[in-house]
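Chain identifiers are assigned alphabetically (A, B, ...) following the order of the sequence lines, protein sequences preceding nucleic acid strands; residue numbering begins at 1 within each chain.
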2 protein chains.
Amino acid sequence: MDISFNDIKQKFQGCGLKTTPQRTAIYDALLRSTAHPTAEDLFDQVAPQFPMMSLNTVYYTLGVLRTSGLIHEVNIGHTRARFDANLSPHHHLICVECQAIVDVMDPRLNRLTSPAGIPKDFEITSYQVAFRGFCGSCRRHAGRSINHSSSGLHPTTVKGGLHGKSS
Amino acid sequence: MDISFNDIKQKFQGCGLKTTPQRTAIYDALLRSTAHPTAEDLFDQVAPQFPMMSLNTVYYTLGVLRTSGLIHEVNIGHTRARFDANLSPHHHLICVECQAIVDVMDPRLNRLTSPAGIPKDFEITSYQVAFRGFCGSCRRHAGRSINHSSSGLHPTTVKGGLHGKSS
DNA sequence: TGTTAAATAGTAATTATTCTTAAATAGGAA
DNA sequence: TTCCTATTTAAGAATAATTACTATTTAACA
Ligand SMILES: [Mn+2]
Ligand SMILES: [Mn+2]
Ligand SMILES: [Zn+2]
Ligand SMILES: [Zn+2]
């Protein structure tokens with residue numbers, strides 16, 4: 001599941017984007033990451049190869065890639081934008097302590113049906129489920145014990161939950 | 001479903017918060033709104049009654065109310081924070097054009113089960129579904145026609161979808 | 001009524017992101 | 001291959017939301 005330079009070049013061409021070294025490095029770094037990095041994370045990662053590069057270029061590049069549909073922006077809180085090159089439909093688990101974002105690939109979540117009681121003239125184009133909680137390391141540090149009752153979640157073992165029609 | 005000054009005062013006391021006129025006005029304005037206003041929206045609304053009030057006070061107050069659990073912060077994008085005094089479990093519909101936020105009270109969404117394939121040591125404490133799309137007025141302006149296929153959503157009429165165990 | 005910790009208001013500072021502009025360059029045309 | 005030009009990059013300035021600092025005021029309680 002590794003991606004080559006030519007794969008990236010073709011994606012860029014398909015979107016009418018020039019294949020520059022900076023852009024390639026930024027997109028490649030994002031493709032290799034599952035951490036949903038910030039613009040600055042990506043800058044820190046590619047800067048060693050491009051000592052002249054400015055953070056501005058990272059923002060510009062991410063904006064172009066997002067507009068072209070090659071990446072998504074994932075938002076948690078209003079502090080800083082996080083980016084994701086994984087375009088397959090999925091959802092996220094967010095640690096409220098360290099802000100880690102973990103992918104949730106459970107396909108059942110991609111089958112939610114239209115909610116009831118919304119304005120009839122509203123057109124829904126997508127949806128996203130954000131689970132919040134504490135990652136393992138944050139939980140260990142804080143000495144938290146698992147408290148399922150606070151989540152409002154039914155345990156996974158409850159049958160029939162979460163599914164859309166498995167048509 | 002109106003709320004009185006004494007109701008508010010009791011909530012504040014229950015959290016160990018002083019009942020000041022500014023704080024009462026801000027919380028009252030938020031309770032009366034279903035628009036999920038920003039700090040500045042609330043400032044604009046209460047400022048006429050308190051010509052001396054600073055926007056800073058609104059931020060401070062919202063921070064205190066959130067820490068006390070009396071309000072929630074709703075985030076869409078990373079631009080500005082939106083606030084919600086409706087504590088009943090619910091979800092949101094967001095217009096990507098005008099940033100309107102509409103409540104989604106469908107109780108089926110509150111019964112999602114634990115997702116599969118997440119780190120076993122992650123403790124989920126809550127989750128939130130954010131539906132995105134175009135509100136009626138934005139859709140009319142842009143001359144958009146409804147395109148259900150783009151949403152990935154099954155129509156509401158699909159039976160059995162979206163439900164957790166109806167225990 | 002007096003005391004005190006909490007709240008307010010005014011201002012300054014910070015942080016993330018966007019804007020502006022000039023120089024560099026990728027990719028197509030000649 | 002060389003030239004042309006729109007795109008991209010880089011540097012710095014500007015903006016917008018939020019937070020920090022601090023002196024003054026005040027709600028709550030003794
Ligand atoms: Mn992801
Ligand atoms: Mn709401
Ligand atoms: Zn964590
Ligand atoms: Zn709208």
> Quick one: do A:N75 and A:R82 satisfy side-chain contact (heavy atoms from CB on, under 4.5 Å)? Show the steps, please.
CA-CA 6 Å; A:N75 293 119; A:R82 307 278 291 257; over 6 Å; no
> Report which part of the nucleic acid B:T19 touches: base, sugar-phosphate, or nothing (heavy-atom distance under 4.0 Å, all strands).
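The answer is sugar-phosphate, as B:T19 gets under 4.0 Å only of primed atoms, P, OP1 or OP2.
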> Is A:I8 linked to A:L17 within one hydrophobic cluster, defined over Ile, Leu, Val, Met, Phe, Trp and Tyr using a side-chain heavy-atom separation of less than 4.5 Å?
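Yes: a chain of side-chain contacts under 4.5 Å links A:I8 to A:L17.
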> Select base, sugar-phosphate, or nothing to describe what B:T38 touches, counting heavy atoms under 4.0 Å on all strands.
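Nothing, no nucleic acid heavy atom in range.
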> Where along residues 63-80 of chain B does a heavy atom fall under 4.0 Å from DNA chain C?
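The stretch gives B:H78 as the residues lying under 4.0 Å from the strand, ordered by number.
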> Salt-bridge test for A:K11 and A:D7: reply yes if a basic N is under 4.0 Å from a carboxylate O, no otherwise.
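Result for this pair is no, no salt bridge flagged.
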> Distance only, no hydrogens: is a donor on one side chain within 3.5 Å (strictly under) of an acceptor on the other, for A:N86 and A:H72?
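A:H72 and A:N86 do not have a side-chain donor-acceptor pair below 3.5 Å.
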> Chain A on DNA chain C: first and last contacting nucleotide, 5' to 3', under 4.0 Å to a heavy atom?
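Listing 5' to 3', DNA chain C meets chain A from C:dA16 to C:dG27.
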> Do B:S4 and B:N6 have side-chain atoms, one donor and one acceptor, less than 3.5 Å apart?
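The answer is no; no qualifying pair exists.
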> Can you see whether A:H92 engages A:D84 through a side-chain donor-acceptor pair at a distance of less than 3.5 angstrom?
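Short answer, yes.
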> Answer yes if the ring centres of B:F12 and B:Y27 are under 6.0 angstrom apart, and no otherwise.
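They qualify: ring centres under 6.0 Å apart.
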> May I ask you to verify if any side-chain N or O of A:R23 is less than 4.0 angstrom from the OP1 or OP2 atom of D:dT7?
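Negative; the distance criterion is not met.
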> Could you tell me if the side chain of A:D103 sits less than 4.5 Å from the side chain of A:L93, heavy atoms only?
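With C-beta onward as the side chain, the pair stays apart.
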> Between the side chains of A:R80 and A:E40, is the shortest nitrogen-to-carboxylate-oxygen separation below 4.0 Å, so that they form an ion pair?
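Yes, this pair counts.
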> To the nearest Å, how far apart are B:F12 CZ and D:dA27 P?
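Interatomic distance, CZ of B:F12 to P of D:dA27: 13 Å.
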> Rounded to the Å, how far apart are A:K18 NZ and D:dC4 C1'?
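Distance, rounded to whole Å: 11 Å.
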> So if I take residues 39-59 of chain B and measure heavy-atom distances to DNA chain D, which residues fall below 4.0 Å?
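When residues 39-59 of chain B is checked for heavy atoms under 4.0 Å from DNA chain D, the hits, listed by number, are B:N56, B:Y59.
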> Do you see a donor-acceptor pair shorter than 3.5 Å between the side chains of A:H91 and A:N110?
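Indeed, the side chains of A:H91 and A:N110 share at least one donor-acceptor pair under 3.5 Å.
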> Between A:H78 and B:E73, do the side chains contain a donor N or O and an acceptor N or O under 3.5 Å apart?
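Checked: B:E73/A:H78 side chains pair up, N/O donor to acceptor below 3.5 Å.
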